[in-house]
Amino acid sequence: MGQIDLLFDDQVTFFKNGETKSLSFRFQALNNLKRAIKQQEDVILSAIQQDLNKSEFEGFLTEIGILYEEIDFMKKRLKKWMKPKRVKTALTHIGSKSVIYPEPYGVTLIIAPWNYPFQLAISPLIGAIAAGNTAIIKPSELTPHTSAVLTRLIKETFDSNYITSIEGDAETSQALLKKPFDYIFFTGSTPVGKIVMEQAAKNLTPVTLELGGKSPSIVHEDANLKLAAKRIAWGKFTNAGQTCVAPDYIYVHEHVQADFTKELQQAITELYGKKPLDNQDFPKIVNEKHFKRLHQLIDKDKLIYGGKSDQEKIKIEPTILTNINWDSPVMKEEIFGPILPIMSYKELSTVIREVSDQPKPLALYLFTENKQTEQQVIDQIPFGGGCINDTIYHLATPYLPFGGVGHSGTGSYHGKASFDTFSHYKSILKQTTKFDVPLRYPGSEKGFKLIKKFFK
Ligand code: NAD
């Protein structure tokens, strides 16, 4: 029996003894998790810095602070969420009560990507714990320092029959996916999401898939251009564009294209300096393979800003490409790096049609001062979620469920949505034995007439 089989079986046994279900157990586990992260903040940040060159500020903001908020949010509301909920009972069910019981799925699997290697493994874990499950985490092999720190932290904080982390690559992931988990939470690319769903189907395991895609930013002619430029630059170049919800490309109204592009260049310079490659805090590309892939997307004929790279440090500076269309190579895949293509438009209806013709994006950002334009875009383009007059900030609040749709994902999490994701809602009808309404039984003519009257 291999390590995976043993750990899985241990978790199945531990879950069945019911310990993970009480409020006090869940509370304790959330407290322990937060304490462990606090104690090892420096080690975590240094590992992230080694893997991705994220500064302490960026690392704390995007990988740790957000987790503290999520844990505190859960703890405040958990007792209420766990309570069975009494709901109305239909007239046809007279005499009975209806109650919905949230219960944990059981043994869960969390597969995480490399771009926010700590946060994207721990954030779903918070949901799994809050809902009373056990969990096996499979962190990314592409960020080995962070994955090692995470695995050690989990080992020091929890018994492996409750929560454990198994390091490894796609092969390990595949081996895990063969086990009949009760729930699988996957964050990563769309192609691997398909593999995960296929494997999960073999055991009929429910899944959440947090995937990627090309998320547009639309800058309408009435937008506050200065703010739009600053917020797009920040959302795009945080983590050097290696963010699932980073604006992938921009559609700007042709009347404001020149002014907006100028503002965008200025915003980038203000945020990252005149020589971003020399900026110690500007993150690197995760590995050489991605560096080469991105490098090939920089079409020198379309380049209007940036474009330089440092092969040794595997860094690419914030880069803007213009005169792009849907046939350009940069528009054929999720960019996932610091390259920002710009397309222009005359009519908003064209943008709506062209974006809707693409796979549904994970996020969409619209910059406008007009409520009607806002509503038009929200109503007419399908996408996971997004912002009006901002970028990526919607994922940093526990009040908004976060997730994609179609090719960008299935299901959602954060805050209550995480609790819901990791809970099965068991519906129970509690029937009275004091009397027995005969209408539903066959043979009663009066009953049949009444039923027909009722279900008209
Ligand atoms: P990935 O799909 O390559 O890898 C994700 C995880 O899956 C890793 O742990 C990896 O070991 C495992 N894996 C890889 N190949 C596998 C296979 N064949 N079978 C089983 N498991 C396999 O993704 P990535 O490169 O780590 O992350 C980047 C992608 O993730 C981007 O597309 C990005 O948009 C997306 N992403 C989405 C979110 C979100 O919340 N929606 C967040 C971050 C990243």
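All ligand and atom numbering here is 1-based and tracks the order in the structure. Sequential numbering from 1 along the given sequence is applied to the chain's residues.
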Practice task
Would you check whether Tyr116 reaches within less than 4.0 Å of ligand 1, judged by its heavy atoms?
Solution key: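 No.
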
Exercise for the section: Give a yes/no on ligand 1: does Ala112 have at least one heavy atom closer than 4.0 angstrom to it? Expected result: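 Yes, Ala112 has heavy atoms under 4.0 Å from ligand 1.
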
When you measure from the side chain of [X] to the backbone N and O of [Y], does any donor-acceptor pair fall under 3.5 Å?
X	Y	result
Ser328	Met331	no
Lys315	Lys308	no
Asp299	Leu321	no
Asn133	Tyr105	yes
Gln242	Lys284	yes
Thr397	His394	no
Asn279	Tyr272	yes

How far is [atom] from the closest protein heavy atom, and which atom is that?
atom	value
atom 41 (N) of ligand 1	Leu211 O, 2.7 Å
atom 36 (N) of ligand 1	Cys244 CB, 3.4 Å
atom 27 (O) of ligand 1	Pro113 CB, 3.4 Å
atom 17 (C) of ligand 1	Gln174 NE2, 3.6 Å
atom 7 (O) of ligand 1	Phe186 CE1, 3.4 Å
atom 26 (O) of ligand 1	Trp114 CD1, 2.9 Å
atom 22 (C) of ligand 1	Val192 CG1, 3.4 Å

Practice task
Pick, from Ala121, Ser147, Pro191, Ser189, the option with the minimum heavy-atom distance to atom 2 (O) of ligand 1.
Solution key: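 Ranked by closest heavy atom to atom 2 (O) of ligand 1, first place is Ser189.
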
Pairs of nitrogen or oxygen atoms closer than 3.5 Å, one from [X] and one from ligand 1: do any exist?
X	answer
Asn115	no
Leu177	no
Thr190	no
Glu334	yes
Glu141	yes

Provide the number and element of each atom of ligand 1 under 4.0 Å from a heavy atom of [X].
X	result
Gly212	34 (O)
Thr187	5 (C), 37 (C), 38 (C), 39 (C), 40 (O), 42 (C), 43 (C)
Ser173	12 (C), 20 (C), 21 (N), 22 (C)
Phe402	40 (O)
Leu120	42 (C), 43 (C)
Ile111	6 (C), 7 (O), 9 (O)
Leu362	41 (N)

Practice task
Hey, could you give me each pair passing salt bridge (charged side-chain N to carboxylate O under 4.0 Å, His left out) that has a residue in residues 154-166? Not counting sequence neighbours.
Solution key: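 Non-adjacent pairs meeting salt bridge (charged side-chain N to carboxylate O under 4.0 Å, His left out): Arg152-Glu156.
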
Exercise for the section: Flag the pair Tyr305 / Leu340 as yes when at least one side-chain heavy-atom distance between them is below 4.5 Å, and no otherwise. Expected result: no

Practice task
For the residue pair Ile4 and Thr172, establish whether any side-chain heavy-atom pair is separated by less than 4.5 Å.
Solution key: yes

Under 3.5 Å, which donor-acceptor pairs do the side chains of residues 412-425 form with other protein atoms, sequence neighbours left out?
| residue | atom | partner | partner atom | Å |
| --- | --- | --- | --- | --- |
| His414 | ND1 | Leu395 | O | 3.2 |
| Lys416 | NZ | Asp420 | OD1 | 3.0 |
| Lys416 | NZ | Asp420 | OD2 | 3.3 |
| Ser418 | OG | His414 | N | 2.7 |
| Asp420 | OD1 | Tyr425 | OH | 2.5 |
| Thr421 | OG1 | Ser412 | O | 2.5 |
| Thr421 | OG1 | Ala417 | O | 2.9 |
| Ser423 | OG | Phe419 | O | 2.7 |

